[in-house]
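Only a predicted model underlies this, so the values are computations on that prediction, with no experimental measurement involved.
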There are 2 protein chains.
Amino acid sequence: MAGAQSTAVQDLIDALGRLPGIGPKSAQRIAYHLLKADAEESRRLAEAVLTAKERVGFCQRCFNLSEGELCGICADDRRDQHVVCVVEEPRDVIAVERTREFRGRYHVLGGAIDHLQGIGPDQLKVRELLERIGTEGVTEVIICTNPNLEGEATALYLSRVLDMPGLTVSRIASGLPVGGDLEYADELTLGRALEGRRTVERSEA
Amino acid sequence: MAGAQSTAVQDLIDALGRLPGIGPKSAQRIAYHLLKADAEESRRLAEAVLTAKERVGFCQRCFNLSEGELCGICADDRRDQHVVCVVEEPRDVIAVERTREFRGRYHVLGGAIDHLQGIGPDQLKVRELLERIGTEGVTEVIICTNPNLEGEATALYLSRVLDMPGLTVSRIASGLPVGGDLEYADELTLGRALEGRRTVERSEA
């Protein structure tokens with residue numbers, strides 16, 4: 001194997017293989033693609049990586065990714081500042097935005113409580129959330145952490161510290177995905193779906 | 001959505017999404033990973049891309065990727081120059097090397113015959129292969145193109161032009177993968193496995 005691969009190619013494969021979700025095979029495939037494609041594509045990729053890293057920081061208010069002091073959502077006056085959706089990561093902001101159902105603002109915790117990894121409330125932007133609730137006149141908090149062990153632990157913790165008069169705290173619903181199939185649902189999800197059942201509205205006959 | 005994502009982040013996601021095998025979701029995941037990780041990781045990735053693109057060219061003899069005029073394999077005197085393994089792409093060289101079964105040299109065609117895509121023998125390094133056979137005293141050619149439509153067409157074409165006295169031409173075997181399951185094999189593969197059956201050696205009783 002030693003002589004088969006040049007060092008620069010191996011370095012590239014290694015660098016690509018360190019990215020999340022990219023195994024050794026994909027890394028190799030991407031490396032060869034880049035070496036075969038025109039130089040412009042490689043340059044554009046390298047530049048995009050460096051530019052993003054250089055320009056993008058965190059929003060001073062909600063800790064979403066931002067190129068300025070405030071992110072696009074916090075800077076937008078049309079967004080309802082009284083409702084705050086609490087998420088784990090910036091990517092979750094994009095996911096919620098995609099629904100077009102939410103017109104409030106966000107608060108990005110930067111992770112979830114995970115005692116095994118040594119991540120407690122102090123490692124997350126919890127203190128900053130409590131401050132915002134005081135200063136921004138927030139009346140509703142929607143806890144939108146992931147429906148897994150860490151996300152649930154975080155939601156439980158938050159629901160306790162957010163027990164304040166005049167503040168509505170809610171948690172997103174767990175249940176069967178839309179278009180999903182009862183037969184293939186795991187029992188935990190189905191259990192949650194049953195637990196969270198809603199009364200069907202009957203139209204007057 | 002407009003305000004949710006900064007331009008630099010979107011540019012990075014777009015650049016990553018153009019890579020083979022990376023969908024929009026993976027691109028987003030990788031982008032956020034890079035933005036969260038320390039600057040060193042991004043710098044290392046960008047540098048690896050640029051360095052590889054700058055340094056790596058093709059071996060003058062076999063058209064494998066190479067940082068010098070000759071690739072590591074062609075430059076290695078211990079490799080048998082009389083046996084040439086013909087492959088489609090540089091990644092196939094790595095695959096064959098990994099078997100540790102082959103001690104000859106390679107010839108990388110740079111693709112396979114694909115008339116729909118307008119790729120004929122003239123677009124591949126076929127002329128260069130024929131030249132090598134004349135000048136390097138090659139006595140055996142192993143056609144190691146992929147066992148798909150294009151690879152087979154290429155193998156058929158090569159087996160014809162390589163019909164020369166004193167030159168053994170062989171094609172890698174198609175059949176069931178080692179550890180595979182007869183039940184799950186497609187009929188084409190199983191047919192090939194039957195076609196390519198070998199007589200079992202019987203030890204003398």
Checklist entry - Between Ala8(A) and Val56(B), which heavy-atom pair has the shortest distance, and what is it? => result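 Looking at all heavy atoms of both residues, the shortest contact is CB-CG2, 3.8 Å.
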
Checklist entry - If you take all heavy atoms of Ser42(B) and Leu50(A), which pair is closest and at what distance? => result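 Shortest heavy-atom separation between Ser42(B) and Leu50(A) comes out as O-CD2, 4.3 Å.
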
Item to check | Which atoms of Leu16(B) approach chain A - backbone, side chain, both or neither, heavy atom under 4.5 Å | outcome: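 Both the backbone and the side chain of Leu16(B) come within 4.5 Å of chain A.
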
Next on the checklist: At a 4.5 Å cut-off on heavy atoms, which part of Glu54(B) comes close to chain A: side chain, backbone, both, or neither?
Outcome noted: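 Contact with chain A: none, neither part.
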
Checklist entry - Which distance, rounded to the nearest 0.5 Å, do you find between the NE2 of His33(A) and the CZ of Arg91(B)? => result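 Output value for this atom pair is 11.5 Å.
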
State, with a plain yes or no, whether a side-chain heavy atom of [X] is found less than 4.5 Å away from one of [Y].
X	Y	answer
Leu19(B)	Leu34(A)	yes
Leu45(A)	Leu45(B)	no
Leu65(A)	Leu35(B)	yes

Looking at [options], which has the largest count of heavy-atom pairs under 4.5 Å with chain B?
options	result
Ala15(A), Ala52(A), Gly21(A)	Ala52(A)
Arg55(A), Arg43(A), Arg18(A)	Arg18(A)
Val49(A), Ile22(A), Thr51(A), Asp11(A)	Val49(A)

[X], [atom1]: over 12 other non-hydrogen atoms inside 6.0 angstrom:
X	atom1	value
Leu149(B)	CG	no
Glu131(A)	CD	yes
Glu69(B)	CD	no

Next on the checklist: If we define contacts as heavy-atom pairs under 4.5 Å, which of Ser66(B), Ala31(B), Ser26(B), Ala37(B) has the most with chain A?
Outcome noted: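 Maximum pair count with chain A is reached by Ala37(B).
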
Item to check | Contact winner vs chain A - Arg29(B), Glu89(B), Lys53(B), Glu67(B), heavy-atom pairs under 4.5 Å | outcome: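 Top option by heavy-atom pairs under 4.5 Å: Lys53(B).
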
